[in-house]
Visitor: 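Dumping the structure here so I can ask a few things about it.
In each ligand, atom 1 is the first atom listed, and ligand 1 is the first ligand listed.
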Amino acid sequence: MADSVSDATADEGVAADDAEGTEPEVPEIDLPSDAFDAVLDALADRDPGDPLRFEGFGVARDGDDGDDGDPAGEYRLDPADGDTQTGLTERELHAALDERAPEVTDWHAFERVVGEFGPRRAFLRWLEDADGATVATRYAALAEGIERAWGELRITATVTDRGARRYDVRHADDAGVPADELDAYDDPLDARGLVKRDAKGRYRPLKTAPSLAGGWVFPDLGPRDAYEAVETIYPATVANWHREREGELDVSHWRETMARQSGIYGVVKTWDRGEGYEHVNWVAEACCDDSQCLKRREWEYDEETDLDVDGGDGAFPCREPCSVVVSAARKWTRLESEQPRTYEFELTPSEKEQVEDIIDAVADGRIDEIREADTKEGANRYRTRFLRAKLFDDEENLAGVPTEPDEEDEE
Ligand code: SF4
């Protein structure tokens, strides 16, 4: 396996061999008949002399009838760094292209197998740095396997001895695990069943939450299926990543998104009266932090007002508050409409700190990591049960103080 390449380092990783001047080991590639036929078809659609370009050379129909004494073959080949060969027969053209099979199969892979310009093609090219590294460098790296991270996914691109791309898609935690030790799938739509629940079987309302369960693999996908699997696991992430690269990401900020809410969600408009945006900072910190969502938040309070909270480092952007955030905001709208009251409790300094520890541990999802024996931790279960035993009355009021003052008067 080639050096692993992450989001941040992939470009450097694939280009490193060139920079150091070492010759990459380009694998032996046999030119498959479908790639050669695709070249002939593409030439047939072009005028004589109009070249089909590959890395390092071009091929055209010659348009020469042989009357001037030149060979009467149909094709010509123009290397960037050598003499033009004219009058090539189909057999001779095949032999010439077979010698350049990596360049021809690279053209075939993207122009014919992957096809039209758009997110799928851009993503598959990005996986192997096809817009930055030479064919030789990439084929040498693909022979070993080029790894890319996408959220919690690890995608490994390889090339067959006939120049076709194959992809292994799995959870990053399963990197290096033999495929036969994982549950293997070959239909990308099977990914729908893999994203529903986390490793503990809990429903995942947010598909880009960093809670994808592992233990599975798509070990041998073609280009289209690899793209399909990724978009099934992380819906619209490639599409929005591509829009962003093209400068076409249409961001819908908090204010305009909330203004659009209707029905049961219409209430969030009352939380958002244009009187400051501190509450939106809290929402973003609660929901959109990298620890909670792998998307990089690009939406702000409004066009003119950025939030004070960092948007995160995710590879793919978030273009508007999602349904999970809108739904939570609906709840907070109701809760935040309450007026504050003053309650009086007596806590020891350690008990106050313990309450803070418990809030921290729940907010960070660390409860399961705190061992029963670790009573140094404020959120330790025994310590928390002790606090409850000491401070709750029979009605579960903290320190015997009722939530509603009237409750005390009524008694
Ligand atoms: S709004 Fe926040 S939580 Fe929802 S998808 Fe975007 S970044 Fe993630």
Visitor: Answer yes when Glu300 and Arg255 have at least one side-chain N-carboxylate O distance shorter than 4.0 Å, and no when they do not.
Guide: no
Visitor: Is a side-chain N or O of Glu298 found less than 3.5 angstrom from the main chain of Pro317, in a donor-acceptor match?
Guide: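 No, the answer is negative, given that no donor and acceptor are paired below the 3.5 Å cut-off.
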Visitor: Look at Glu147 together with Arg154 and state whether they make a salt bridge at an N to O cut-off of under 4.0 Å.
Guide: yes
Visitor: Looking at ligand 1, would Val324 count as a contact under a 4.0 Å heavy-atom criterion?
Guide: no
Visitor: What protein heavy atom is closest to atom 4 (Fe) of ligand 1, reported as residue, atom name and distance in Å?
Guide: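 The closest heavy atom on the protein side is Cys322 SG, 2.3 Å.
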Visitor: Between atom 2 (Fe) of ligand 1 and Cys288, is there an N, O or S atom separated by less than 2.8 Å?
Guide: yes
Visitor: In terms of ring plane angle, is the pair His279 and Trp254 parallel, tilted or perpendicular, where the classes change at 30° and 60°?
Guide: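 The arrangement is perpendicular - the two ring planes meet at more than 60°.
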Visitor: Determine, for Phe57 and Arg100, whether the Lys NZ or Arg CZ falls below 6.0 Å from the six-membered ring centre while staying within 45 degrees of the axis.
Guide: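 Cation-pi check for Arg100 and Phe57: passes.
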Visitor: Which of the atoms of ligand 1 are close to Cys293, meaning less than 4.0 Å from one of its heavy atoms?
Guide: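 Those qualifying, in numeric order: 3 (S), 5 (S), 7 (S), 8 (Fe).
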Visitor: May I ask you to identify the nearest protein heavy atom to atom 6 (Fe) of ligand 1, giving residue, atom name and distance to one decimal place in Å?
Guide: Cys318 SG, 2.2 Å
Visitor: Of all the atoms in ligand 1, which lie at a distance below 4.0 Å from a heavy atom belonging to Val325?
Guide: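 Those qualifying, in numeric order: 1 (S), 3 (S), 4 (Fe).
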Visitor: In ligand 1, which numbered atoms sit nearer than 4.0 Å to a non-hydrogen atom of Lys295?
Guide: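 Counting atoms of ligand 1 from 1, those under 4.0 Å from Lys295 are 5 (S).
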Visitor: Closest by any non-hydrogen atom to atom 3 (S) of ligand 1: pick that one out of Cys287, Ser323, Pro205, Ala236.
Guide: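 Closest candidate by heavy-atom distance is Cys287.
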Visitor: When you measure from the side chain of Asp302 to the backbone of Thr305, do you find a donor-acceptor pair of N or O atoms at a distance under 3.5 Å?
Guide: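 Present.
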